[in-house]
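The figures that follow rest on heavy atoms only: side chains count, while hydrogens, waters and symmetry mates do not.
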Amino acid sequence: MSGRYRGAGAARTVMLVADVLAGVLGLWIVLYLLDANPSNDFAHAVRQAADWLSTWARDLFTPSQGWLRTLLNYGIPAVVYLAVGHAVAGWLRRAD
């Protein structure tokens, strides 16, 4: 297999990981906005994963409305993961 396909595979992998990470954060935002039951195992697992992924942005913004706080403090990390992941994937594609 040539290097070209390995680079494309690596770029695809990086994009997939970034998309999954952003997806987890986006899923938590949706569950919160829909007022999901916090004692449900699935909602609890998604919340824990989203909390871990957004640790670096915790309380970056502290508006009084819970929905806005959740949207900002989980949405910004999702956008950052997407932007960085896709930028790295683009660089990997060009590097080959």
Side-chain angles (χ1 to χ4, degrees):
M1 192 149 55
S2 74
R4 178 177 182 198
Y5 292 111
R6 280 186 290 143
R12 271 195 306 268
T13 302
V14 169
M15 281 195 309
L16 178 65
V17 169
D19 291 347
V20 168
L21 297 178
V24 169
L25 291 164
L27 180 59
W28 170 245
I29 292 169
V30 169
L31 289 173
Y32 181 86
L33 293 176
L34 294 176
D35 207 19
N37 179 1
S39 63
N40 177 278
D41 289 339
F42 177 72
H44 183 70
V46 172
R47 168 82 190 263
Q48 284 184 320
D51 281 347
W52 185 80
L53 290 170
S54 66
T55 300
W56 59 269
R58 184 162 324 255
D59 295 331
L60 186 61
F61 296 99
T62 56
S64 59
Q65 300 93 347
W67 68 269
L68 185 57
R69 185 174 46 252
T70 299
L71 184 64
L72 292 172
N73 291 322
Y74 292 94
I76 290 174
V79 170
V80 169
Y81 286 131
L82 284 174
V84 170
H86 286 254
V88 169
W91 176 79
L92 286 171
R93 281 199 179 115
R94 285 189 301 277
D96 265 344

**Study point:** Any residue meeting side chain to side chain contact (heavy atoms under 4.5 Å, CB included) with Asp41, in chain and number order, not counting sequence neighbours
**Key:** none

Check your understanding: Do Met15 and Val20 share a hydrophobic cluster, counting only Ile, Leu, Val, Met, Phe, Trp and Tyr and linking them when any side-chain heavy atoms are less than 4.5 Å apart?
Key -> no

Review point. Can you tell me how far CG of Leu33 sits from CG of Leu71, rounded to the nearest 0.5 angstrom?
Key: 6.5 Å

Review point. Do His86 and Val14 come close enough that some side-chain heavy atom pair is under 4.5 Å?
Key: no

Check your understanding: By side chain to side chain contact (heavy atoms under 4.5 Å, CB included), which residues pair with Val30, not counting sequence neighbours?
Key -> Leu34

Point to revise | Heavy-atom check, side chain of Phe61 versus side chain of Leu68, under 4.5 Å | key: no

Check your understanding: Tyr81 and side-chain contact (heavy atoms from CB on, under 4.5 Å): which partner among Val17, Ile76, Leu53?
Key -> Leu53

Exercise for review: Begin from the C-alpha positions of Asp51 and Tyr74 and carry the test side chain to side chain donor-acceptor pair (under 3.5 Å) through to its verdict.
Suggested key: CA-CA 8 Å; Asp51 281 347; Tyr74 292 94; 2.3 Å; yes

Study note, to complete from the structure: Taking every heavy atom of Phe42 against every heavy atom of Leu31, the minimum-distance pair comes out as CE2-CD1, 4.2 Å

Practice item. Give the cluster check for Leu25 versus Val80: same hydrophobic cluster or not, with ILVMFWY residues linked at side-chain heavy-atom distances below 4.5 Å. Key: yes

Practice item. To the nearest 0.5 Å, tell me how far Ile29 CD1 sits from Ser54 OG. Key: 9.0 Å

Practice item. Determine whether Leu60 and Leu72 make a side-chain contact, defined as any pair of heavy atoms from C-beta on separated by less than 4.5 Å. Key: no

**Study point:** Shared hydrophobic cluster for Leu27 and Val79 (ILVMFWY, side-chain gaps under 4.5 Å)
**Key:** no

Study note, to complete from the structure: When rounded to the nearest 0.5 Å, the distance separating CG of Leu92 from OG1 of Thr13 is 9.5 Å

Check your understanding: More than 12 foreign heavy atoms under 6.0 Å from CH2 of Trp52: is that the case here?
Key -> no

Exercise for review: Provide the closest heavy-atom pair for Pro77 versus Ala57 in the form atom of the first, atom of the second, distance.
Suggested key: CG-CB, 3.6 Å

**Study point:** Main-chain N/O of Pro63 paired to Arg69 side chain as donor or acceptor, under 3.5 Å
**Key:** yes

